[in-house]
Amino acid sequence: MRVPFYDIKAQYDELKSEMDRATLEVISSGKYMLGANHNAFESEMAARHRCKHGIALNSGTDALRILMDAVGIGPGDEVITTAFTFVASTETIVQVGARPVFVDIEKDHFMIDVEKIEAAITPRTKAILPVHLFGQLANVAEIQRIAEKYELIIIEDSAQAVDCTYQGVQTGNFGIGAGFSFYVTKNLGAAGDAGMIVTNDDEIAEKCRAIRIHGMGRERYYYDYVGYTSRMDEVQAAVLRVKLTQLDTWNRRRAQLAAIYNEELRDTGIKLPFTATGNNHTWHQYSVITDRRDELQAFLKGQEVDSMIYYPVPLHYHAPYRHLAEGHGSLPVTEDVARQILNLPIQPHLSDEQVRHTCALVREFTTVRA
Ligand SMILES: Cc1ncc(COP(=O)(O)O)c(C=O)c1O
């Protein structure tokens, strides 16, 4: 039985008539930028996260970069973050001229180890950029406590955390703002690249709005900042608005599939995902830990079951970021997790049978092939 890791076409098939109507309406309207869908999607996402402002953009990467620009992070500043993430979290810190400072991750949920943050703070530290991984939030309560104590800015990398909450409070409300990604494979994915900033700060919102369009303020062709071409186009906003109608259902389906995995893989010796206290989990990924990761992945692949490794190589092993750590062994938990993590297929268009079949194969691997 084939088990695909992603099935983006199935999302389209489910919503075909609405998607066709919405995208054709945009194309035939001739209004491709900053139109009605764009504005409505900004309001919908901001309201959903109980934030005052949503600023729709071309990517999650630009969301982080623009937020950092807007709050004035730049040369001479240090930003505390993690090396176990997609490169954009760190790359954007470098792009604004600041220095990423890597703190190791926590072994159970793979996000920043809050116990290690204070030791990394220096007089140059300006911000903490927690990366909310795989569908739940980092320890935002403790991050807020530390940020308050040392007067640091918090920028949430919420690329994978749309709809994530801690004690019922939505991401976007734990710092100056958060950056979402709507990249194709996210729980809420566009038909291409797209992203958004949410923030409660009026001034930062206005600055971000200007920076996303060449720094142009309220008056056309008058520039207040150096900016970028970072708008979300109207077709993407239309697609995202259609998919948004299904997001709750799709996330519930992910939770059902996670429950099957949890039940069926219970005593296999493989370490199962951990949901931190106070968090909801939107199951962007279902991540297990095993020291026979590569063997397990090859075995599953041989049986037509897809899996992915997020992330196989920590950022401090890559040439542009090597100087930011003391080399191999300097972030031991990050390095161990990168060696052992495997993400099993979890997406709303999988059947129970496909997930049970995957579990049976994992069981076979851990018992028969042990
Ligand atoms: C943790 C993290 N940060 C940032 C990004 C960047 O988002 P985008 O791909 O939309 O630029 C991603 C997306 O893949 C991500 O997973």
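One is the number of the first residue; the rest follow in order along the sequence. Both ligands and their constituent atoms are indexed starting at 1 by order of listing.
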Open item on the list: Quick test of your reading of the model: are Arg266 and Glu263 salt-bridged, counting only N-O distances below 4.0 Å?
Closed with: yes
Open item on the list: Using a strict threshold of under 4.0 Å (side-chain N to carboxylate O), is an ion pair present between Lys107 and Asp113?
Closed with: no
- [ ] Inspect the contact between Arg339 and Asp294 and indicate whether a charged nitrogen and a carboxylate oxygen are less than 4.0 angstrom apart.
- [x] no
TODO: Considering only non-hydrogen protein atoms, determine which one is nearest to atom 15 (C) of ligand 1 and report residue, atom name and distance to 0.1 Å.
DONE: Ala159 CB, 3.4 Å
TODO: With heavy atoms of Ser59 as the reference, note each atom of ligand 1 found under 4.0 Å away.
DONE: 10 (O), 11 (O)
Task: Salt-bridge criterion met for Arg21 and Glu25 (N-O under 4.0 Å) - done: yes
TODO: Would you mind checking if Lys16 and Asp13 are paired as a salt bridge, meaning a charged N to carboxylate O distance below 4.0 Å?
DONE: no
Task: salt_bridge(Arg209, Glu206) N-O dist < 4.0 Å - done: no
Task: Element-labelled atoms of ligand 1 that are located less than 4.0 Å from some non-hydrogen atom of Val131 - done: 1 (C)
Task: Residue, atom name and distance, where the atom is the protein heavy atom closest to atom 9 (O) of ligand 1 - done: Ser181 OG, 3.9 Å
- [ ] For the pair Tyr311 and Phe134, name the ring-plane relationship: parallel under 30°, tilted 30 to 60°, perpendicular over 60°.
- [x] parallel
Open item on the list: Is the distance between the ring centroids of Phe41 and Phe182 under 6.0 Å?
Closed with: yes
Task: Test of proximity, Gly60 against ligand 1: N or O pairs below 3.5 Å - done: yes
Task: Numbered atoms and elements of ligand 1 in range of Ala88, under 4.0 angstrom, heavy atoms - done: 4 (C), 5 (C), 6 (C)
TODO: Check whether any heavy atom of Thr85 sits under 4.0 Å from an atom of ligand 1.
DONE: yes
Open item on the list: For atom 3 (N) of ligand 1, what's the nearest protein heavy-atom neighbour? Residue, atom name and distance, please.
Closed with: Asp157 OD2, 2.8 Å
Task: Residue, atom name and distance, where the atom is the protein heavy atom closest to atom 11 (O) of ligand 1 - done: Thr61 OG1, 2.5 Å
Open item on the list: On a heavy-atom basis, I'd like to know which of Glu91, Gln160, Lys186 is closest to atom 13 (C) of ligand 1.
Closed with: Lys186
Open item on the list: Contact between ligand 1 and Ser89 is defined here as a heavy atom of the residue under 4.0 Å from a ligand atom; is it met?
Closed with: yes
- [ ] Report the part of Asp193 in contact with ligand 1, treating N, CA, C, O as backbone and CB onward as side chain, heavy atoms under 4.0 Å; options are side chain, backbone, both, neither.
- [x] neither
